[in-house]
Amino acid sequence: MSILTKSCSVRHGKNTNSMHPYIICHMISSIDGRIVTDRWTVPVDGLDRDTLINQYFDIEKLYDADGWIIGRSTASEHFVKAAEPWMGSTNRFPREPYVAHPLTARLAILMDPQGKLQYERSDIEGDAIVTVLAENVADDYLQMLRDNGVSYCFAGPGGHDIQKAVAILGSAFGRRKLLLEGGGLINGAFLQAGVINEISLMVYPGIDGVSGIASMFDWVCEKNDEPACGQALSLLHVEKRDNGVLWIKYKVEKISS
């Protein structure tokens with residue numbers, strides 16, 4: 001066993017904390033693994049692309065999860081405006097989980113380490129927002145969250161301690177099953193942290209074809225790093241759905257060398 005493999009095994013470890021929610025990375029991609037849907041080739045027979053893509057949301061409902069996770073880029077593209085991080089003091093509020101309101105059945109969990117998202121309401125389509133931050137965000141930013149009824153918690157000093165964030169989502173917010181539906185950076189961070197329990201991949205029958213377009217996992221690291229080291233996939237389910245869409249499920253197993 002190489003030194004690299006040993007370090008990966010220790011890094012991922014085995015999650016024995018029963019409070020940690022079960023995390024399913026649920027995504028849809030083209031056959032070449034790209035996730036920018038408006039770049040995909042169109043379906044055959046003149047069908048609208050969204051007719052196929054909407055099957056993703058049908059499967060999402062089947063999971064009956066009590067929360068979903070996205071990153072700042074996805075959130076700012078679809079739901080919440082973003083701006084430059086707030087500057088200021090960091091000693092007024094304790095860096096502890098803050099629950100702003102009675103928790104809804106589902107939570108919208110937004111990974112935003114630098115505190116760039118600017119909120120005007122406390123929910124997304126009825127799902128109460130919880131934002132995951134770095135401990136060094138400004139107190140004035142936390143005050144803005146409180147004023148708008150937004151719950152928050154912290155993922156370590158730099159906001160990148162995914163394992164800590166996941167533990168808090170289980171213990172402080174009572175989550176049991178979460179869907180990870182982010183872009184490649186966030187998904188890659190969760191993969192590297194070893195906290196993904198299952199992968200649900202829907203394959204759209206189309207192609208992007210261009211190098212460098214966002215993919216399902218895009219962990220930024222050195223070329224010799226292996227963010228999925230210590231993990232292996234066990235096939236759970238394969239289903240051919242309407243109009244050539246495939247649904248593939250894998251259990252993520254922790255392995256030792």
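Computed from a prediction, not measured in an experiment: that's the story for all the values here.
V210 is listed as a side-chain neighbour of R39, based on a closest heavy-atom distance under 4.5 Å. Side-chain contact check for P85 versus Y141: every heavy-atom pair is 4.5 Å or farther apart. Here the side chains of V44 and L47 are not in contact, with every heavy-atom distance at 4.5 Å or above. Between S76 and L117, the closest side-chain pair of non-hydrogen atoms falls below 4.5 Å. Counting heavy atoms from C-beta outward, Q231 and I255 have side chains that stay 4.5 Å or more apart. Residues I69 and L179 fail the side-chain proximity criterion, which asks for heavy atoms closer than 4.5 Å. Side-chain contact between V203 and V245 is absent, with no heavy-atom pair separated by less than 4.5 Å. In this structure, L145 and Y98 have side chains that are not in contact, with every pair of non-hydrogen atoms separated by 4.5 Å or more.
Separation of the Y204 and W247 ring centroids does not fall under the 6.0 Å cut-off. The six-membered or imidazole ring of H26 lies near that of Y56, with a centre-to-centre distance under 6.0 Å.
Residue R176 comes nearest to D64 through the heavy atom pair NH2-O, 2.9 Å, listed as atom of the first residue, atom of the second, then distance. Shown here for A65 and K177, the closest heavy-atom pair between the two residues is CB-O, 3.5 Å. When all heavy atoms of T90 and V137 are compared, the closest pair comes out as CG2-O, 3.5 Å. Considering all non-hydrogen atoms of both residues, E253 and S234 come closest at OE2-CB, 3.8 Å. Summarising the geometry of G182 relative to T74, their closest heavy-atom pair is C-OG1, 4.3 Å, with the distance given to 0.1 Å. The heavy-atom pair separating A193 from I162 by the smallest distance is CB-CB, 3.7 Å.
Heavy-atom contacts from other residues, nucleotides or ligands closer than 6.0 Å to CD1 of I207 number 12 or fewer.
Separation of atoms CD (E60) and CD (Q55) is listed at 14.0 Å; rounding is to 0.5 Å. Rounding to the nearest 0.5 Å places CG of L103 at 12.0 Å from CG of D127. Separating the CE atom in M216 from the SG atom in C25 is a distance of 4.0 Å, to the nearest 0.5 Å. We find the CZ-CG distance between R49 and N243 to be 14.0 Å, quoted to the nearest 0.5 Å. Expressed to the nearest 0.5 Å, how far CD1 of I28 lies from CZ of R34 amounts to 15.5 Å. Note that the CD atom of E239 and the CD1 atom of I248 stand 11.0 Å from one another [nearest 0.5 Å].
For the 3.5 Å distance criterion, the side chains of W219 and E226 fail to qualify, holding no donor opposite an acceptor. Looking only at atom types and distance, the side chain of Q143 has no donor-acceptor partner in the side chain of D139 under 3.5 Å away. At a cut-off of 3.5 Å, with distance as the only test, a side-chain donor of S200 or Y63 sits close to an acceptor on the other residue. Of the N and O atoms on the side chains of S30 and D208, not one donor lies less than 3.5 Å from an acceptor on the other residue. Counted by atom type alone, Y22 and E198 present one or more donor-acceptor pairs between their side chains at under 3.5 Å.
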Verify side-chain contact (heavy atoms from CB on, under 4.5 Å) between M202 and R241, making sure each step is shown before the conclusion.
-> CA-CA 9 Å; M202 303 192 71; R241 296 182 57 84; 3.9 Å; yes

Please report the C-alpha distance between V252 and N197 in whole Å, then the side-chain angles of each, then the deciding distance to 0.1 Å, and finally whether the side-chain contact (heavy atoms from CB on, under 4.5 Å) criterion is met.
-> CA-CA 5 Å; V252 180; N197 301 104; 5.8 Å; no

Please test Q118 against W86 for side-chain hydrogen bond (donor to acceptor under 3.5 Å, both in side chains), starting from the C-alpha separation and ending with a verdict.
-> CA-CA 10 Å; Q118 310 298 308; W86 293 35; 3.0 Å; yes

Check against ring-ring contact (aromatic ring centres under 6.0 Å, His included), W68 and F79 | CA-CA 14 Å; W68 45 279; F79 303 114; 5.7 Å; yes

Intermediate values then yes/no, side-chain contact (heavy atoms from CB on, under 4.5 Å), L110 and I129 | CA-CA 7 Å; L110 311 186; I129 296 170; 4.1 Å; yes

When you look at C153 and L133, which way does the side-chain contact (heavy atoms from CB on, under 4.5 Å) test go after all the steps?
-> CA-CA 6 Å; C153 63; L133 307 164; over 6 Å; no

Residue pair R106, D66: steps toward the salt bridge (charged side-chain N to carboxylate O under 4.0 Å, His left out) verdict | CA-CA 4 Å; R106 295 207 329 162; D66 52 10; over 6 Å; no

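Put simply, the side chain of R95 gets close to the backbone of F93: a donor and an acceptor are under 3.5 Å apart. Side-chain N or O atoms of S215 include one that pairs as donor or acceptor with a backbone N or O of F217 at under 3.5 Å. A donor-acceptor distance shorter than 3.5 angstrom exists from the side chain of D48 to the backbone of D50, with no hydrogens or angles considered. Checking side-chain atoms of R175 against main-chain N and O of P21 turns up no donor-acceptor pair under 3.5 Å. Panel note: side chain D161, backbone K164; a donor-acceptor pair is recorded below 3.5 Å. For the pair K254 (side chain) and G194 (backbone), a donor-acceptor distance under 3.5 Å is present.
Using a 4.5 Å cut-off between side-chain heavy atoms of Ile, Leu, Val, Met, Phe, Trp and Tyr, with links allowed through other members, L169 and V99 fall into the same hydrophobic cluster. In the hydrophobic clustering of ILVMFWY residues, with side-chain heavy atoms under 4.5 Å counting as a link, L191 and L185 come out apart. Hydrophobic cluster membership differs between F154 and L107, with clusters built from Ile, Leu, Val, Met, Phe, Trp and Tyr side chains linked at under 4.5 angstrom. Both I196 and L233 are part of a single hydrophobic cluster, where members link through side-chain heavy atoms under 4.5 Å apart. In the hydrophobic clustering of ILVMFWY residues, with side-chain heavy atoms under 4.5 Å counting as a link, I24 and L180 come out apart.
Ion pair R92/D140 flagged as a salt bridge, since at least one NZ, NE, NH1 or NH2 atom sits closer than 4.0 Å to an Asp/Glu carboxylate oxygen.
Y152 does not carry R146 over the face of its six-membered ring by the limits of under 6.0 Å from the centre and within 45° of the normal.
For the side chain to side chain contact (heavy atoms under 4.5 Å, CB included) with I213, the qualifying choice from I35, D218, D32, V36 is V36, the only one to do so.
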